[in-house]
Amino acid sequence: MEARRLRLCIFAESSTHSPEYQALLRAGPRIRPLQQVHARFVVSGSHSSRALLTKLLTLACAAGSIGYTHRLLFSVPNPDSFLFNSLVKASSSSGFPFDTVFFYNRMLQCRISPSSYTFTSVIKACADLSTLGLGKRVHSHVLVCGYGLDPFVQAALLTFYAKSGDLGVARKLFDKMSERTVVAWNSMISGYEQNGCSREAVGMFNRMREQCVQPDSTTFVSVLSACAQLGALGLGCWVHDYIIDNELCVNVVLGTSLINMYARCGNVGKAREVFDSMNERNVIAWTTIICAYGMHGYGNQAMELFHQMKARGPHPNNVTFVAVLSACAHSGLVQEGRKAYASMGQEYGLVPGVEHHVCLVDMLGRAGLLNEAYQFIKELNQAPAPAVWTAMLGACRMHKNFDLGVEVAEHLLAVEPDNPGHYVMLSNLYALAGRMDRVETVRKMMIRRRLKKQVGFSTIEVDQKTHLFSMGDKSHLETNEIYQYLDELMSRCREAGYVPAPDSVLHELEEEEREYALRYHSEKLAIAFGLLRTSHGTVIRIVKNLRICEDCHLAIKYMSLITDREIIVRDKLRFHRFKDGHCSCLDYW
DNA sequence: CTAGGGTTAG
């Protein structure tokens, strides 16, 4: 009788209704309040209750107070599976994957068998760490413990392999799954998308629809990212219509994906409409719309939004400043850019990183302020990263400062001897200076080191199908027609006054490619195809993986004039909108 | 006694 009363008493103290438990819930995952509650437990003696300790540890872990959590854990005699599972889960979902692995290992040392719940969290931690070796060991442990067919564990494993870059294994797992939930499909689609395989992501999405699996908003986030990468406006619009027709909730994440899709597919206006229609806008949404204006060369609109954000939006972060500074760089807003850069530390306590240094050098360099850019680099209190020197080199090339350019390029070749971009830039510099002997030397260096220039390609979407063109490409079905039309078009351009730019960028080509090269640059092929296959009022939209070359830039201006078409080209960095013989970048790019 | 899962944006 006495014993039973005592047990009831302990039960009451540690139940969810007990004042101690309520105090923990009120403290939440915040370390100061938690420590205060903990101190009261110690004083009152209730800290010996296992349930309370578990809750305290879990909250401390979620609060990010890992040292405190570890100390507490060591003070617990014979920690049980419930405690370990709670810690594994809390650390994994709060973004402390190293600790997840630590707790998991402790758990095994204590001879406590993991459950399917343990595994999902541990595998997620491995995915966050992209640690292929450890993840594979956990995977074999999963099989040994008999959880290989658990759909949650399978989905976690699939995500892990996709995030660690092993899409082949991820796909094998996916194909072997007996039931594929929408989450499994989402993992596979996002896996492809995040690894740069956007076409495969879209293909997977189409298969998902064939198999009548209902996509959800997470699916569309990944599909829209794929559209953004591909410049697939048609599919992107289809997704947007689907979202509206099916009354899917457009949360911040989905809204931001839509903004990004419209922006990267060339339609800033629609991007802005989506932004304006959103009822929640966080720092990522603001950054995305600022970035959108910046890459279209609308620096003033980008700055206007940035000022609105500062006035009544969330605090800008490091990524926001990358968007702001690159918008300034692409629009020649030097004064604004300098002010924004200074405000990072002064107003927001942010430390500029390499990407901000790059933006600033790029901005000053484009504006012709080479000395100021160089001075800025020299005054950095850390050794300048190669990317910073690369921006400086680009500026030297643009403004034909050979002496400084050669100096910078030689430094870059010494630091990054395997980056073909540096060789290409240096040889362009020599070509512009008329030093063809040096051009040849650099070319030979590249060949000796077996370095190849990145292969350029352009894509165009016609009737929701994406067509790919690369330089000198003759694989397309309508090749002859395209080439014939392009020849015709180029001679009309010449009649209108187009003079091909000197072939400063052709040094890296083999002899036989040289004669074709100018006429056959991928963007020209894609545009010719687009002009042939679409009706007169249609805008031609091209996506190119590299930066557009000077000659193509000039030629496309003429193309837009003589065909009376709007031609939008997205290159590696930004958009060029050609109309009536002019480009929206005002030749400042 | 104490809870619970995998997928998403710049």
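The chains referred to below are lettered A, B, ... by the order of the sequence lines, with proteins before strands, and numbering in each begins at 1.
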Q: Start with the C-alpha gap between A/Y192 and A/R171, add the side-chain angles, then the distance that decides, and say whether side chain to side chain donor-acceptor pair (under 3.5 Å) holds.
A: CA-CA 10 Å; A/Y192 278 124; A/R171 182 55 185 267; 3.0 Å; yes
Q) Can you check ring-ring contact (aromatic ring centres under 6.0 Å, His included) on A/F306 and A/W286, steps first, answer last? A) CA-CA 8 Å; A/F306 179 53; A/W286 280 94; 9.5 Å; no
Q: Apply side chain to side chain donor-acceptor pair (under 3.5 Å) to the pair A/H330 and A/Y298, showing each step before the final yes or no.
A: CA-CA 8 Å; A/H330 285 283; A/Y298 300 129; over 6 Å; no
Q.
Pair A/T118, A/S115 - check side chain to side chain donor-acceptor pair (under 3.5 Å), show working.
A. CA-CA 5 Å; A/T118 323; A/S115 69; 3.2 Å; yes
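When heavy atoms are screened at a 4.0 angstrom cut-off, A/S115 is found touching base atoms of the nucleic acid. Across all strands shown, A/N317 has heavy atoms under 4.0 Å from base atoms, whether or not it also approaches the sugar-phosphate. Residue-level contact check: A/T288 touches the backbone only, with heavy atoms under 4.0 Å from sugar-phosphate atoms and none from bases. Looking at heavy-atom distances under 4.0 Å, A/V252 makes contact with a base.
The backbone N or O of A/R264 lies less than 3.5 Å from a partner atom in the side chain of A/R570, making a donor-acceptor pair.
Rounding to whole angstrom units, NE2 of residue A/H315 and C1' of B/dG10 are separated by 18 Å. The interatomic distance linking A/N282 (CG) with B/dA9 (P) rounds to 12 Å, in whole Å. Computed from coordinates, the A/R180 CZ to B/dT7 P distance equals 19 Å when rounded to whole Å. Computed from coordinates, the A/F160 CZ to B/dT7 P distance equals 13 Å when rounded to whole Å. The CD-P distance, from A/Q229 to B/dA9, rounds to 11 Å in whole Å. Counting to the nearest Å, the P atom of B/dC1 and the CG atom of A/L56 are 21 Å from each other.
Within the 4.0 Å cut-off from OP1 or OP2 of B/dA9, at least one side-chain nitrogen or oxygen of A/Q194 is found. When the side-chain nitrogen and oxygen atoms of A/K163 are compared with OP1 and OP2 of B/dT8, one or more of them lie within a distance under 4.0 Å.
Using bins of under 30°, 30° to 60° and over 60° for the plane-to-plane angle, the ring pair A/F575/A/H296 lands in the parallel bin. The aromatic rings of A/F103 and A/H70 sit parallel to each other, their planes meeting at less than 30°, with 60° as the upper class boundary. Between A/W238 and A/F205, the ring-plane angle classifies as perpendicular under the 30° and 60° cut-offs.
The side chain of A/T159 approaches B/dT7 more closely than any other nucleotide in the set B/dC1, B/dT7, B/dG10. For A/Y117, taking side-chain heavy atoms from C-beta onward, the closest of the listed nucleotides B/dT2, B/dG10, B/dG5 is B/dG5. Taking the side chain of A/S190 as heavy atoms from C-beta on, and the options B/dT7, B/dT2, B/dG10, the nearest nucleotide is B/dT7. Listed nucleotides B/dG5, B/dA9, B/dT7 differ in distance to A/V153; the shortest reach to its side chain belongs to B/dG5. Out of B/dG10, B/dG6, B/dA9, the shortest distance to the side chain of A/V253 is found at B/dA9.
Aromatic pair A/Y161/A/H139: centroids less than 6.0 angstrom apart.
In the region residues 57-92 of chain A, proximity to DNA chain B at under 4.0 angstrom, judged on heavy atoms, holds for A/F82, A/N85, A/K89. Less than 4.0 Å separates DNA chain B from at least one heavy atom of each of the following residues of residues 122-152 of chain A: A/D150, A/P151, A/F152.
Residues satisfying the salt bridge (charged side-chain N to carboxylate O under 4.0 Å, His left out) criterion with A/R338, sequence neighbours excluded, are A/E372.
Residue-to-nucleotide contacts include no donor-acceptor pair under 3.5 Å from the side chain of A/S93 to the base of B/dG5. With hydrogens and angles left out, the side chain of A/T287 and the base of B/dG10 share a donor-acceptor pair within 3.5 Å. Remark: the A/N186 side chain and the B/dG6 base include no donor-acceptor N/O pair separated by less than 3.5 Å.
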